[in-house]
Number of protein chains: 2
Amino acid sequence: MAKYAPNRANRTGEGRKLSAKVTIHDVARESGVSIKTVSRVLNREPNVKADTRDRVQAAVAALHYRPNISARSLAGAKAYLIGVFFDNPSPGYVTDVQLGAIARCRQEGFHLIVEPIDSTADVEDQVAPMLTTLRMDGVILTPPLSDHPVVLAALEREGVAYVRIAPGDDFDRAPWVSMDDRLAAYEMTKHLVDLGHKDIAFIVGHPDHGASHRRHQGFLDAMRDSGLRVRDDRVAQGWFSFRSGFEAAEKLLGGADRPTAIFASNDDMALGVMAVANRLRLDVPTQLSVAGFDDTPGAKITWPQLTTVRQPIHAMAGAAADMLMQGVEREEGAPPPSRLLDFELVVRESTGPASH
Amino acid sequence: MAKYAPNRANRTGEGRKLSAKVTIHDVARESGVSIKTVSRVLNREPNVKADTRDRVQAAVAALHYRPNISARSLAGAKAYLIGVFFDNPSPGYVTDVQLGAIARCRQEGFHLIVEPIDSTADVEDQVAPMLTTLRMDGVILTPPLSDHPVVLAALEREGVAYVRIAPGDDFDRAPWVSMDDRLAAYEMTKHLVDLGHKDIAFIVGHPDHGASHRRHQGFLDAMRDSGLRVRDDRVAQGWFSFRSGFEAAEKLLGGADRPTAIFASNDDMALGVMAVANRLRLDVPTQLSVAGFDDTPGAKITWPQLTTVRQPIHAMAGAAADMLMQGVEREEGAPPPSRLLDFELVVRESTGPASH
DNA sequence: CCACCTTATGACAACGTTGTCATGACATGC
DNA sequence: GCATGTCATGACAACGTTGTCATAAGGTGG
């Protein structure tokens, strides 16, 4: 039984060499300086003569030297590792966050560790071990984990920095990145009102997500500002899932007395609404307008395509990674350095003029 | 300017202490043995008295000791890191792979590094640095990267083990995990034939994915075995995207002479077909049956729900992670230890009896 | 010209593990 | 009973970096 290593290259004898490990010592020798000076150049530390720096950089390039991340994190303070914690939001959301974060991380030589957390199981048991084994430089928290008390506490206890994406409350506790959910929902509602809709239904999102409440509030504010009444039976509770949107729509569209538009506070639920409309032979948008929120890939994967709000997920994740990598700083007592990014209303085919 | 560390725990006073770093030395002292013996217990090495092992394990538990992964990988051979490389397959696919791999990794104390590769840019430049900085124990390759020559070559040159998911060819080159795409497509076609369909169209997938050809072949085989002819204009080329399915369907359904069923070789394309059917006011499934492949979340997020093939993505990724963690082995000269996992035909509402 | 500061550099320890080798306690074979 | 082997353990080096401190070279002010 031999170690199967298509990879270890020369399994058939002395063969061709593996690309030999190049260490900082090799670079030091090649450029005629000490390893410490090489280290300085690599880490952009001050007090290195321009001439010396150039020689070292030339040697690094010539030898294709790459610092070993384990040695780095063992010796120094940084681990060059950023974590992303998530708990099954939609796949589209998750990958978008990852892509946004990685794009920034690559530039700085950081890597991304993804950690799904199952909040129905013991969260402490999942978080604590990974925090102590890998000493990550920071963690990006996605909703609903952005507000999970056990996760936040564990992170703080272990001394690991974190940035929350779209947290629900406790904004002064730690840095965050978010968008103005209330305003976005407000504008979407206005869009429907402008199309002539007066009887608009709303499907609320998962109560554990802070964004749910903000979107709901934006809807209510817009209706009030437009002088329109919101009937109690026109607001349904959902859970951000297709199924919950489907069920809410069945309730909303079940009787003869139907709203002319439904604003679902995320795309998955909006797709559930579309499915019900389809089933009831209601034409979208002539008989019913449907609006979503998020602009997930699914929004375009339906007919008619969904009018929705584009969340800057990619940018939010990138901003979060940035903050973590440069070691978030702030004035004593000042609020955490957080950022509110812009959204965009995406009007497609699922919304149209009110029918009556 | 103070370091902002909401994390450094006690910003509200002396509070509770940061969890102090516990090292192997502490465990050794606590249990009255040398650090080497502790190491042995931790790594399940032989030649440790049961009594000693118990004492060490008690100390580990009492002190909440977790080995530092950087030190481990610096000193030893293992890095406790598994990479997943992908290049924008659908988000659902990506997250499924991640979840499947992580479930296994957690048990063994491994972590997952995700690395999106942009195959339109210089692949070597993206792969080489990450392979040398992080010395991962192995990499899981998802299609179409499973067959990317530059990626495979870089992996082999750097001596990093890898397992390919659903590769297209060159099966003896390295271990892989896959499913029987041909058979699955064969059975799905049979399902349509059994429903009475004779004029069935097929949408081929992205030519860079090995699975595309296998699915196409399965379709052709089933048609032939059923004594049915496949008209040339009933086979359209797609790219596994919603849009490509949409466009293919427009061509397929454009004239008066229409097939009674369309088998799209993935769900995204099938959803494109559904959108066109919707637009043309063709009822699914009474006027047109539509079948997909993959059972992505999107398959349930449409009305009617899609008849499709459930790929064991989660299990495939888990198996791949397993192989990597236990250091893939095989007899000298024997084929790589690979695995073919079971699929499942999922019949939902989008397919029904032929209409004429 | 001396004291002192700044800049550029290197020697060496430290980081927390695992690998290698040595050692002592026992058991086994003849 | 002695050579030989196996088991259980520990001392110590090694892994490849960064942090700390020392030191030499050059600049500045009196």
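Throughout, a chain's letter reflects where its sequence line sits, starting with A, and its residues are numbered from 1. Computed from a prediction, not measured in an experiment: that's the story for all the values here. Below, all heavy atoms of this structure are taken into account, side chains as well, without hydrogens, waters or symmetry copies.
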Legend entry - Intermediate values then yes/no, salt bridge (charged side-chain N to carboxylate O under 4.0 Å, His left out), B:K21 and B:D26: CA-CA 10 Å; B:K21 233 176 294 185; B:D26 301 317; over 6 Å; no
Legend entry - Heavy-atom closest contact (A:M323 atom, A:P175 atom, distance): CE-CB, 3.5 Å
Inset, instruction - Working to the nearest 0.5 Å, report the span between CZ of A:R29 and NE2 of A:H25. - result: 9.0 Å
Legend entry - Pairwise distance CD1(B:I140) to OH(B:Y162) - rounded to 0.5 angstrom: 14.0 Å
Legend entry - Position toward the 5' end of DNA chain D (nearest nucleotide), A:K78 or A:L74: A:L74
Output a table of donor-acceptor pairs, distance under 3.5 Å, between side-chain atoms of residues 67-77 of chain B and any protein atom two or more places apart or on a different chain; print 'none' if there are none.
unit_1: B:N68; atom_1: OD1; unit_2: B:S70; atom_2: N; d: 2.7
unit_1: B:N68; atom_1: OD1; unit_2: B:A71; atom_2: N; d: 2.9
unit_1: B:S70; atom_1: OG; unit_2: A:S73; atom_2: OG; d: 2.6
unit_1: B:R72; atom_1: NH2; unit_2: B:N43; atom_2: OD1; d: 3.4
unit_1: B:S73; atom_1: OG; unit_2: A:S70; atom_2: OG; d: 2.6
unit_1: B:S73; atom_1: OG; unit_2: B:I69; atom_2: O; d: 3.3
unit_1: B:S73; atom_1: OG; unit_2: B:S70; atom_2: O; d: 3.3

Inset, instruction - Could you grab the distance from atom CD1 of B:I117 to atom NE2 of B:H148, nearest 0.5 Å is fine? - result: 9.0 Å
Inset, instruction - If the plane angle is over 60° it's perpendicular, under 30° parallel, otherwise tilted; pick one for B:F110 and B:Y80. - result: tilted
Inset, instruction - Give the first and the last nucleotide of DNA chain D, reading 5' to 3', that has any atom under 4.0 Å from a heavy atom of chain A. - result: D:dG16 to D:dT20
Inset, instruction - Under the side chain to side chain contact (heavy atoms under 4.5 Å, CB included) rule, what do B:R157 and B:E124 come out as? Steps first, then yes or no, please. - result: CA-CA 11 Å; B:R157 167 166 42 79; B:E124 177 72 24; 2.5 Å; yes
Inset, instruction - Evaluate whether atom CZ of B:R339 has more than 12 neighbouring non-hydrogen atoms of other residues, nucleotides or ligands under 6.0 angstrom away. - result: no
Legend entry - Angle between terminal axes - the helix from C:dC1-D:dG30 to C:dC30-D:dG1, 5 pairs each end, rounded to 10°: 30°
Detail all sub-3.5 Å separations between protein N/O atoms and N/O atoms belonging to nucleotides 6-10 of chain C.
unit_1: C:dT9; atom_1: OP1; unit_2: A:T52; atom_2: OG1; d: 2.7
unit_1: C:dT9; atom_1: OP2; unit_2: A:K49; atom_2: N; d: 3.0
unit_1: C:dT9; atom_1: OP2; unit_2: A:T52; atom_2: OG1; d: 3.4
unit_1: C:dG10; atom_1: OP1; unit_2: A:S34; atom_2: N; d: 3.4
unit_1: C:dG10; atom_1: OP2; unit_2: A:S34; atom_2: N; d: 2.8
unit_1: C:dG10; atom_1: OP2; unit_2: A:S34; atom_2: OG; d: 2.9
unit_1: C:dG10; atom_1: OP2; unit_2: A:T37; atom_2: OG1; d: 2.6
unit_1: C:dG10; atom_1: O5'; unit_2: A:S34; atom_2: OG; d: 3.4
unit_1: C:dG10; atom_1: N7; unit_2: A:R40; atom_2: NH2; d: 2.7

Legend entry - Pair listing, salt bridge (Lys or Arg N to Asp or Glu O under 4.0 Å) test, anchored in residues 96-112 of chain B, at least two apart: A:E115-B:R106, B:R104-B:D322
Inset, instruction - Could you check which residues of residues 58-73 of chain B get a heavy atom under 4.0 Å from DNA chain D? Sort them by number, please. - result: none
Inset, instruction - To the nearest 0.5 Å, tell me how far B:M136 CE sits from B:T133 OG1. - result: 7.5 Å
Legend entry - Value rounded to 0.5 Å, distance of CG in A:L131 from CZ in A:F85: 5.5 Å
